[in-house]
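All values derive from a computational prediction rather than experimental measurement.
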Amino acid sequence: MDNSIKKLIKDSLWKGCEKLERVGISLSSLPPIFISQPKRREWGDLSTNLPFLLQKKSGEDISKIGNLLVSQLESEGFLSRVKFVSPGFINFFIAPSYLNQTIKKIIVQKEKFTQFSFGDKKRVQVEFVSANPTGPLHVGHGRAAALGDSLANILSKVGYEVKREYYINDAGGQIKRLALSVWVRLQEIEGIHVPLPDDGYKGLYLIDIAKEAKDTLGEKLRQEKNEQKLINLLGKFTVEYILKEIKRDLDEFGVRFDRWFRESSLYRNDEIPQVVSFIKDKGYIYEKDGALWFKTSSFFKNEEDRVLKRKNGEYTYFASDAAYHQNKFSRGLHQVIDIWGADHIGYVPRMKAVVQALGYPKDSLRVIIYQFVNLKRGEKSISASTREGEFISLRDVIKEVGSDVARFFFLSRTGDSHLEFDLDLAKKQSPENPVFYVQYAYARICSILRKATLEGIIVDNLEEVKLDLLITPEERELMKELALLPDQIKEAAQSLEPHRLTVCLQEIASSFHQFYTRHRVISEDKDLTFARLILIKAVKIVIKDTLGLLGISAPERM
RNA sequence: GCGCCUGUAGUUCAGUGGAUAGAAUGUCGGCCCCCGGAGCCGAAGGUCGCAGGUUCGAAUCCUGCCAGGCGCGCCA
């Protein structure tokens, strides 16, 4: 499936450019063609700045080359008008017949209308959230969850074979600290006061876990005299407990992972020493001060070399992450996408360097960095540090504003923006929240369709519906937006930017509301009624489909 | 000090090197009957952080500066 109108136009321009050569305009090579939506209605439905680029290439006068190109274009059925305009654009007007066909396509193809095959079933993995199992998820993780899940939906929509993965850091020093903190709480329950270490986890949720550990492990805990083993036992229990909570939260947020990958499994399978020796054989590792260093600097200037294996013989987190990525690629993935918080920004070059050292192409790993969420309640800022304790969890946020609102909010900004999440505002605005605006359009359509069905107005032959009766500006605008949606989804996939779709949804909803307030769907005019019913049915399909990509529900009643 | 991200309307944010920079929210004003008024229409609101540069053309690219965020460990 490929319902890209931009592609049709590009192909046409391409052919036109080839003909230009025959007319004596020499172009050494064709510039990349960009099709965009102009800001003003009179500039057409789509436009290109190609004449500017051709002028640069050929040295010809811009209006000469622009007009010449337009004259060389074959008349295409999907366009009603093509026009060169000063200072150097070509404006395209989509033919009404094409829009009519689009509506029928949507009715027939349903959610396949926005599907593409250009991903070619290539295997892509999106790894996201991957929060340490040391405490509940906070809002920042919510942002990552929304981003990753939606991106995975979009990529699979355009033809990739997508897997969602969560990496669990269940090894290393932090788990020991966590276990120790639980042990301290356990002592408290027994009435023994032990001070919490400075680097311990202060969160009160550990008290519940300590109680739970006491109830569940009971005898085992008492019998275990070996301190090391006791801590291990406690650590394991705590990790599993927190993990269960994390899974539940994500489940409520509508996020399911295909695989939960444990760091500890890398240790068990000796994958870390293997990857280290592999990189060593390639010549990217040297020894200094008793430690093994990875030559980040041979891939990135201005980057310092990093330790993989410490003087004391232990591997660093970096080493296990190298092994983890080796593991990922060994599964035959074409593209690995990691979604990390801004606090890992400095980590990107060295990870990309490792991927190259392992022999994979530079771009086979793409890292999306999202900036932190500043959670607020009115003017008051709320900190979100797991170790410090006092914070509002993702679960609290969802409970307070709802999953749909939270998702839409996270997804209406680029990952690059430092976003402010004001709980008071999110709640206060919620009746007029953009997500409700979109959902309301959907519910309205459902309501009209219910009424039509009740009145026995049923379209039984799509081919006989006279869509050319839909001639008002509101109807044409709505149809145009639907026709452009496949391209928008494709572009969201290519740029890895789900937030583009929230913009599209608001525009479609707005166009629908405008149409609705000016025109009646169900009227005395049977033919017009049929046509409009088909139109809104198409809008319904598209809204539900796109909301689905964002992981947001489409309620039939509100 | 160095690296990355951000700075656009009162506020929160969109914006593909292109044409007169957009939306939501807030403020002010308007919407007869009618399929859902959680809607629609209109108005006001901008030195696109500042200063240079590249270009036919810059919110967008480059340099410097200012402000905020995040990093800069043989922690994870």
Side-chain angles (χ1 to χ4, degrees), chain A residues 34-40 42-43 47-49 52-53 55-56 62 85-89 91 132 134 169 171-175 177 199 263 288-293 302-304 306-321 341-349 369-372 374 409 412-422 425-426 428-437 439-441 443-452 454-455 491 495 499-500 502-503 506-507 509-510 512-523 529 532-533 536 557-558:
Chain A
F34 292 106
I35 311 290
S36 59
Q37 289 182 66
K39 288 178 206 144
R40 298 171 73 95
E42 60 262 36
W43 295 335
S47 73
T48 181
N49 62 348
F52 284 108
L53 308 175
Q55 177 199 32
K56 206 168 274 179
I62 192 159
V85 287
S86 188
F89 298 94
N91 296 335
N132 292 343
T134 54
N169 292 111
Q174 51 161 354
I175 300 301
R177 281 195 291 278
D199 59 356
E263 182 188 8
K288 193 182 87 180
D289 305 332
L292 290 183
W293 296 72
N302 307 326
E303 278 295 319
E304 288 171 32
R306 302 290 166 176
V307 169
L308 284 167
K309 193 178 185 182
R310 297 181 204 128
K311 194 161 51 182
N312 67 9
E314 283 177 18
Y315 290 100
T316 59
Y317 172 81
F318 179 42
S320 56
D321 229 4
D343 53 339
H344 289 82
I345 185 79
Y347 209 74
V348 177
I369 296 291
Y370 64 92
Q371 297 297 322
F372 279 4
N374 183 17
F409 191 82
S412 29
R413 282 116 171 110
T414 66
D416 284 337
S417 69
H418 307 258
L419 87 83
E420 235 169 67
F421 198 125
D422 186 335
L425 209 65
K428 197 180 112 198
Q429 286 182 351
S430 79
E432 283 145 47
N433 200 294
V435 70
F436 290 116
Y437 182 79
Q439 289 177 325
Y440 183 56
R444 259 185 166 172
I445 292 170
C446 292
S447 166
I448 299 169
L449 293 175
R450 276 195 300 269
K451 185 181 158 87
L454 270 175
E455 292 180 11
E491 285 162 21
S495 61
H499 79 274
R500 290 165 181 251
T502 62
V503 178
Q506 289 180 82
E507 277 166 5
S510 168
F512 170 74
H513 286 309
Q514 285 174 44
F515 158 75
Y516 174 87
T517 46
R518 287 183 179 79
H519 309 287
R520 279 191 68 82
V521 175
I522 300 168
S523 67
T529 299
R532 286 182 171 161
L533 280 174
I536 67 168
R557 294 171 209 266
M558 292 173 72

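For B:C34, the base has a donor-acceptor partner in the side chain of A:Arg520 [N/O atoms by modelled type, under 3.5 angstrom]. No donor-acceptor contact under 3.5 Å links the side chain of A:His513 to the base of B:C40. Side-chain atoms of A:Ser86 stay outside donor-acceptor range of the base of B:A19, with no qualifying N/O pair under 3.5 Å.
Taking the side chain of A:Lys451 as heavy atoms from C-beta on, and the options B:C56, B:C4, B:C35, the nearest nucleotide is B:C35. Of the candidates B:C74, B:A21, B:G71, the closest approach to any side-chain atom of A:Asp343 belongs to B:G71. The side chain of A:Asn132 approaches B:A76 more closely than any other nucleotide in the set B:G73, B:A76, B:U6. Considering only side-chain atoms of A:Phe34, the nucleotide from B:A19, B:U16, B:C72 that sits closest is B:U16. Nearest to the side-chain atoms of A:Tyr437 among the listed nucleotides B:A14, B:G39, B:A19 stands B:G39. The side chain of A:Trp293 approaches B:C74 more closely than any other nucleotide in the set B:C74, B:C35, B:A14. Checking B:A14, B:C40, B:C56 against the side-chain heavy atoms of A:His499 singles out B:A14 as nearest. Between B:C5, B:C13, B:C70, one nucleotide has an atom nearer to the side chain of A:Gln371 than all others, and that is B:C5.
Heavy atoms of A:Arg518 sit under 4.0 angstrom from primed sugar atoms or phosphate atoms, though from no base atom. Heavy atoms of A:Pro38 sit under 4.0 angstrom from at least one base atom. Residue contacts shown for A:Ser412 are limited to sugar-phosphate atoms, with no base heavy atom under 4.0 Å away. Base contact: A:Asp289 has a heavy atom under 4.0 Å from a base atom. At a threshold of 4.0 angstrom between heavy atoms, the contacts of A:Asn49 include nucleobase atoms, whether or not backbone atoms are also involved. Contacts of A:Val521 with the nucleic acid, taken as non-hydrogen atoms under 4.0 Å apart, include base atoms. Using a 4.0 Å heavy-atom distance criterion, A:Asn91 is classed as a base contact. Within the 4.0 angstrom heavy-atom criterion, no nucleotide atom of any strand lies near A:Lys309. Contacts of A:Thr414 with the nucleic acid, taken as non-hydrogen atoms under 4.0 Å apart, involve only primed sugar atoms and P, OP1 or OP2. Heavy atoms of A:Leu419 sit under 4.0 angstrom from primed sugar atoms or phosphate atoms, though from no base atom. Nucleic acid contact class of A:Ala171 (heavy atoms, under 4.0 Å, all strands): sugar-phosphate only.
Comparing A:Pro87 and A:Tyr315 along RNA chain B, the residue whose closest nucleotide (by nearest heavy atom) sits nearer the 5' end is A:Pro87.
Separating the CD atom of A:Gln506 from the P atom of B:G15 is a distance of 13 Å, rounded to the nearest angstrom. Following rounding to the nearest Å, A:Asp321 (CG) and B:A76 (C1') show an atom-to-atom distance of 10 Å. In this entry the distance linking CD1 of A:Ile35 with P of B:U16 reads 16 Å, nearest Å. Atom pair A:Phe372:CZ and B:G7:C1' shows a separation of 19 Å (rounding to whole Å applied). Per the geometry, NZ belonging to A:Lys56 stands 14 Å off P belonging to B:U54, to the nearest Å. Regarding A:Ile448, its CD1 atom lies at a distance of 5 Å from the C1' atom of B:C35, rounded to whole Å. Distance NE2 (A:His418) to C1' (B:U12): 15 Å, rounded to an integer number of Å. Rounding to whole angstrom units, CD1 of residue A:Ile62 and C1' of B:A19 are separated by 12 Å.
Of the nucleotides present, none pairs with B:G37 by Watson-Crick or G-U wobble criteria with both distances under 3.5 Å. With a 3.5 Å ceiling on both atom-pair distances, the Watson-Crick or G-U wobble partner of B:C65 is B:G49. Using Watson-Crick or G-U wobble geometry with both donor-acceptor distances under 3.5 Å, B:A43 finds its partner in B:U27. Base pairing annotation: B:A9 forms no Watson-Crick or G-U wobble pair, as no partner gives both donor-acceptor distances under 3.5 Å. Under the Watson-Crick or G-U wobble criterion, with both distances below 3.5 Å, B:G57 is left unpaired in every strand shown. Using N1 to N3 plus N6-O4 or O6-N4 for Watson-Crick, or N1-O2 and O6-N3 for G-U wobble, each under 3.5 Å, B:C70 pairs with B:G3.
Put simply, A:Tyr516 does not rest on the base of B:G39: the two rings are not both less than 5.5 Å apart at their centres and under 30° in tilt.
Contact between the side-chain N/O atoms of A:His519 and the OP1/OP2 oxygens of B:C35 is not found at any separation under 4.0 Å. Between A:Thr517 and B:C40, a side-chain N or O to OP1/OP2 separation shorter than 4.0 Å is absent. Between B:C75 and A:Arg310, a contact under 4.0 Å exists linking OP1 or OP2 to a side-chain N or O. Remark: A:Lys311 is not in phosphate contact with B:C74, judged by side-chain N or O atoms under 4.0 Å from OP1 or OP2. Look at A:Ser417 and you'll find a side-chain N or O under 4.0 angstrom from OP1 or OP2 of B:A14. Under 4.0 angstrom from either OP1 or OP2 of B:C40 there lies no side-chain N or O belonging to A:Tyr440. The side chain of A:Arg40 contributes no N or O atom lying less than 4.0 Å from OP1 or OP2 of B:A21. Note on A:Gln55: every side-chain N or O is 4.0 Å or more away from OP1 and OP2 of B:C56. A:Ser36 has no side-chain polar atom (N or O) that falls below the 4.0 Å cut-off from OP1 or OP2 of B:G18.
Between the side chain of A:His513 and the backbone N or O of A:Tyr437, at least one donor-acceptor pair lies under 3.5 Å. Put simply, the side chain of A:Thr316 gets close to the backbone of A:Val307: a donor and an acceptor are under 3.5 Å apart.
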Discussion item. Set out, in order, the CA-CA distance, both residues' side-chain angles and the distance that settles side-chain contact (heavy atoms from CB on, under 4.5 Å) for A:Phe409 and A:Asn433, then state yes or no.
Written reply: CA-CA 9 Å; A:Phe409 191 82; A:Asn433 200 294; 5.9 Å; no

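Ring geometry for A:Tyr317 versus A:Tyr347: interplanar angle of 30 to 60°, hence tilted.
Within the model, atoms CD of A:Gln514 and CZ of A:Arg518 stand 5.5 Å from one another, a figure rounded to the nearest 0.5 Å.
The cationic atom of A:Arg444 (NZ for Lys, CZ for Arg) lies less than 6.0 Å from the six-membered ring centre of A:Tyr516 and within 45° of the ring axis.
Other residues, nucleotides and ligands place more than 12 heavy atoms under 6.0 Å from the CG atom of A:Asn312.
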